[in-house]
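The structure under discussion appears below in the form of structure tokens.
It should be emphasised that the depicted structure is a prediction, and the values quoted were computed from it without experimental measurement. Quick note on labels: first sequence line is chain A, next is B, and so on, each numbered from 1.
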Amino acid sequence: MFDYKNVEKKWNEYWEKNQTFKTDVYDFSKPKFYCLDMFPYPSGEGLHMGHLFGYTASDALSRFKRLQGYNVLHPMGYDAFGLPAEQYAIKTGNHPNGFTQKNIANFRSQMKKIGLSIDWSKEISTCEPEYYKWTQWIVEQLYKNGLMKLQDMTVNWCEGLGTVLANDEIIDGKSERGGFPVVKRKMRQWVVDIPQYAEKLLDGLDNLDWPESTKLMQKNWIGKSTGAQLTFKVADTNYTFNVFTTRIDTLFGATYCVLAPEHPLVLKITAAQQKDSVLKYIDECAKQSDIERQDTTKEKTGVFTGAYAVNPATNQNIPIYIASYVLSTYAEGAIMAVPAHDERDFEFATKFNLPIIPVIEGGNKGECYTGDGKHINSGFINGLNTEQAKQAMNKWAEENKIGFAKTTYRLREWIFARQHYWGEPMPMYYDSKGNIYLTPETELPLTLPNITNYQPQGGLSPLANATDWVKFKKDGVEYTRELNTMPGSAGSSWYYMRYIDPHNDKVLADKKLLDHWLPVDLYVGGAEHAVGHLLYSRMWNKFLYEQGVHSHPEPFKKLIHQGMILASDGRKMSKRWGNVVNPDTAIAENGADVIRLFAMFMGPIQETKPWNSENIIGVSRFVEKIWALYTESGKIKDEENTNLDKIYNETVKKVTQDYEILSFNTAISQMMIFINAVSKENVFPSVYAKNFLILLNPIAPYITEELWQTIFKNNNTISYEKWPTFDESKLIEENVEMVVQINGKLRDKIVIKIDSTDEEVSAKAQELPTIKKLLEGKQIKKIIVVKNKIVNIVAI
RNA sequence: GCCGAAAUGGCGGAAUUGGCAGACGCAAGGGACUUAAAAUCCCUCGGAAAUUAACUUCCGUGUCGGUUCGAGUCCGACUUUCGGCACCA
């Protein structure tokens, strides 16, 4: 029996004592491989199966690359600022740091139990001043470059949490944490001008080895839209407003305009007799939650302002409405409505009896037509198709100073402020006039003050309670500090850089090291970060790249998302269902090797799949079989066994290829096939026995270390051995079995010399008695030979 | 509503470029060993027909159609599940 408990203890101590997995980042003599996991938020619940799964996969790859002779960087850290710690502090009055540190200690010990080959000397935590000093430094650079700014924003306000939330922190109109309702509110906020990077972020996607679906999600999130901006005059006033349209060609069919209810012009242009209804409508919209407002199944609403705009193409007056289907947050917050050729405008116009003028031929009468066609009722563009008409109209608009071609993005400013205590303090302060100052670099990190009351103060961060910290004097002048702290995504947007040089106190990280180690070669993490974290990180990376911090425009070369691990009942693991399987328990009961093998054997890592504990026995038997084979069978000898040559070389080849593409389930399957073959033989050549341990080591590090040491009397760890090579000539046999088909159906098989000519093969196939019989009375039309595989006789 | 991914035995899954569907493992059934059990080993294991048995035949990768000598794989339409977005002008 494999005594996994003692073996795990022994090797955990050995690895720690010998710093087996410490990476010398200055060693540039070997090729580098940077293997990164999305670091965990250290919750009170500890690691879950999803962590175990993803971390095991990246660890197996790290160990594989190490064995292949790469200098591997495989670090770990903690995304340690966050809401649960904040709420713990609010509830208990205790400092969130204690809670966080306790959880971190638990996470670290759990990860060690899985046998992860982490370089623990490079461990980081985003809540350490040593770390967030540089988060603050980056924020200051963003500010200096005009990318971090104060802006009046319509924000997602969550009263339940007393804070502003990012779009990706909201699910179905409720806060991701706590499930509290979220409403829109206008607030002055620190924002990162990420839209400035929209085009670069879009371009950069092309060359990344990422899942296509993730790239597409980022593309959609950025939401590039090409069209034109047009200026409309408000009739009988000096007011004008801009609209954005992708269909400038339909301008002749614009029969009304709509402003978003929040549009600044609304109150200025509303006619006296419409004032009441307009105010009432604006009020209604403000009160609506996100879910209500985004419900597209509901009938569109809106009111007439009493004002008219001038259609610049027809010079006719067209009514101006306000309606909630026009969003203040997108483009100009105003549209020209072309009901004949836009579904939404059509619905609205029908409801409010507004004129619908077709300007493109096609479609049915009385219906909205969005397709291409010849323009009609459109003055100088009559007869043109959509593309031609767009060009003509763009030219016309520019010449007449009415508008110009424009590209708009859906991507909005990244709201970079939370009304929390447990986050990085913003390194800004204000004088009595409201002028903004940056905390001097020499004074960074600006550390969190100690407070006792963690309750948010009427929309202000609990930092407001630290009066001594908030107000301070410098050269006799009184200043006030920024009270907001940074969002969770701040520290996680650059942590992969810090791992490379985690204790540098002069710079964020040595440029020479960053240039060598970036980009990350493999990034493993959940698909839930497809836009949020993975977009923010890319933007910070691009910014720091442009600042000359390092020389890599993209941070993560290859990305994979590990699938979600469900409970055996096919549902999500949840306390609510009582179906949670805890990694600690699973490891204690089966051993880390067995759990690692089991996790990797379940299926492709990208797939969501259930954790069926009863299947563990399969890999457990495999482990015991190996243990017995090496320790008891006496089969390992310095002899040859030609029966095993082929399967051995096949196994080395297949396992190597499969590890390379992270297909661990098929690699394990091949190793099982090999061990099954060995168990049928009397001799297991010691060269094969040694090399098999190396093949298995990335997934099952403990048993392989132990056998390596005890059976082969090696004093060194197996972790830096040389990856076995295979002999291609051993894979080629003299004869091959070929399938004989008639009309594509399997009828017989023949064994034939490898690489026989098509003629030889088809002649031999036709001599087979079964084939002869089946071909009786039939005429052979064609014979297709797939070399060394198939003969297909087509006959009628 | 729009975008994306997926669907293969009782179960997890495998199948190179379009070339023997079901590797490997679990569960199940049968047998060996044992006083017995556990463990281990051996055999069977998609469905149907037929057969003493070997053998054989037909059907079969969500549904319907197509391309092809040949389709789990390619094309078209659809169904279901999961993920994302959600009036984006």
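- Between the P atoms of U68(B) and G4(B), the separation comes to 28 Å (whole Å).
- Counting heavy-atom neighbours within 6.0 Å of Q779(A) CD, excluding the residue itself, gives a total of 12 or less.
- At the heavy-atom level, P604(A) lies under 4.0 Å from the strands shown only through sugar-phosphate atoms.
- Contact annotation: the side chain of F304(A) never approaches that of Y256(A) to less than 4.5 Å [non-hydrogen atoms, C-beta and beyond].
- A residue-by-residue look at R747(A) and G223(A) shows that R747(A) has its nearest nucleotide of RNA chain B further toward the 5' end.
- Of the side-chain N and O atoms in K609(A), none sit less than 4.0 angstrom from OP1 or OP2 of G12(B).
- A donor-acceptor contact under 3.5 Å links the side chain of N792(A) to the base of C69(B).
- For L327(A), taking side-chain heavy atoms from C-beta onward, the closest of the listed nucleotides C3(B), A23(B), C87(B) is C87(B).
- If you check every strand for non-hydrogen atoms under 4.0 Å, I617(A) touches sugar and phosphate atoms only.
- Nucleic acid contact for E332(A): none, since no nucleic acid atom lies under 4.0 Å from a heavy atom of the residue.
- The side chain of Q741(A) has G19(B) as its nearest neighbour among C26(B), A14(B), G19(B).
- Look at S213(A) and you won't find any side-chain N or O under 4.0 angstrom from OP1 or OP2 of G84(B).
- Among the atoms of the strands shown, only primed sugar atoms or phosphate atoms (P, OP1, OP2) are found under 4.0 Å from some heavy atom of N676(A).
- Closest to the side chain of S324(A), from the set A89(B), C26(B), C87(B), is C87(B).
- Using a 4.5 Å heavy-atom threshold, the side chains of I783(A) and N792(A) count as separate.
- Annotation: A6(B) and U17(B) have their P atoms spaced 16 Å apart (nearest Å).
- Evaluation of atom-type donor-acceptor distances gives no pair under 3.5 Å for the side chain of K781(A) against the base of C69(B).
- Looking at heavy-atom distances under 4.0 Å, L216(A) makes contact with sugar-phosphate atoms alone, never a base.
- In this structure, L746(A) reaches neither bases nor backbone, as no heavy-atom distance under 4.0 Å exists between it and the strands shown.
- Counting any heavy atom pair closer than 4.0 Å across all strands shown, V326(A) reaches a base atom.
- For E347(A) and A89(B), the CD to P distance is 17 Å, given to the nearest whole Å.
- Aromatic ring pairs are classed by plane angle as parallel below 30°, tilted from 30° to 60° and perpendicular above 60°; the pair F241(A) and F232(A) is parallel.
- Under the 3.5 Å distance criterion, the side-chain polar atoms of E760(A) are matched with a main-chain donor or acceptor of T757(A).
- Here the side chain of E737(A) is nearest to one of G19(B), A89(B), C20(B), namely C20(B).
- Side-chain nitrogen and oxygen atoms of R410(A) include none within less than 4.0 Å of the OP1 or OP2 phosphate oxygen of A89(B).
- The closest donor-acceptor contact from the side chain of H561(A) to the backbone of G525(A) lies under 3.5 Å.
- For K572(A), counting side-chain heavy atoms from C-beta on, the closest listed nucleotide (G19(B), G25(B), G83(B)) is G83(B).
- Closest-nucleotide positions on RNA chain B for T301(A) and A527(A) were compared, and the one nearer the 5' end corresponds to A527(A).
- Nucleotides C24(B) and A32(B) are separated by 25 Å at their C1' atoms, to the nearest Å.
- Taking the P atom of each, A5(B) and A53(B) are spaced 50 Å apart, rounded to whole Å.
- For N665(A), a side-chain nitrogen or oxygen approaches OP1 or OP2 of A14(B) to under 4.0 Å.
- One can place CD of Q670(A) at 14 Å from C1' of U16(B), the figure rounded to the nearest angstrom.
- Straight-line distance from the CG atom of L411(A) to the C1' atom of C85(B): 14 Å, rounded to whole Å.
- For the pair K300(A) and F348(A), the NZ or CZ position fails the cation-pi test of under 6.0 Å to the six-membered ring centre and within 45 degrees of the ring normal.
- As rounded to whole Å, 11 Å separates atom P of C82(B) from atom CG of L566(A).
- Rounded to a whole angstrom, the distance from the C1' atom of G22(B) to that of G13(B) is 10 Å.
- Between I565(A) and M602(A) the shortest side-chain heavy-atom distance falls below 4.5 Å.
- A salt bridge between E650(A) and K646(A) is present, with a side-chain N of the basic residue lying under 4.0 Å from a carboxylate O of the acidic one.
- Atom P of nucleotide G84(B) and atom CG of L535(A) are separated by 17 Å, given to the nearest angstrom.
- For the P atom pair drawn from G66(B) and A50(B), the interatomic distance equals 32 Å after rounding to whole Å.
- Side chain of H529(A) to main chain of L534(A): no donor-acceptor pair is present (N/O by atom type, distance under 3.5 Å, no hydrogens or angles).
- Following rounding to the nearest Å, Q657(A) (CD) and A15(B) (P) show an atom-to-atom distance of 12 Å.
- Within 6.0 Å of NZ in K787(A) there are more than 12 heavy atoms belonging to other residues, nucleotides or ligands.
- Ion pairing of E681(A) with K635(A) is absent here, as no side-chain N (NZ or NE/NH1/NH2) approaches a carboxylate O to less than 4.0 Å.
- Rounded to an integer number of Å, the gap from M564(A) CE to A6(B) C1' is 14 Å.
- If you check every strand for non-hydrogen atoms under 4.0 Å, K625(A) touches sugar and phosphate atoms only.
- Taking atom P on both nucleotides, U67(B) is separated from U8(B) by 27 Å, rounded to a whole Å.
- Across A89(B), C26(B), A23(B), the shortest atom-to-atom separation from the side chain of T245(A) is found for A89(B).
- The listed nucleotides are C26(B), G12(B), A89(B); the one nearest the side chain of Y330(A) is A89(B).
- One atom, CG of N612(A), and another, P of C11(B), lie 11 Å apart when rounded to the nearest Å.
- The side chain of R621(A) lies closest to C26(B), out of A89(B), C26(B), C24(B).
- Among the nucleotides G12(B), C20(B), G83(B), the one closest to the side chain of F601(A) is G12(B).
- G47(B) and G60(B): their P atoms are spaced 16 Å apart (whole Å).
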Show me the dot-bracket string of RNA chain B, counting Watson-Crick or G-U pairs under 3.5 Å, with | for pairs to another strand and [ ] for crossing ones.
(((((((..(((......[....))).(((((.......))))).((((......))))..(((((..]....))))))))))))....
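- Base orientation of G9(B): syn, the glycosidic angle falling within 90° of 0.
- A donor-acceptor contact under 3.5 Å is not formed by the side chain of K789(A) with the base of C20(B).
- At the phosphate of C24(B), neither OP1 nor OP2 sits under 4.0 Å from any side-chain N or O atom of N615(A).
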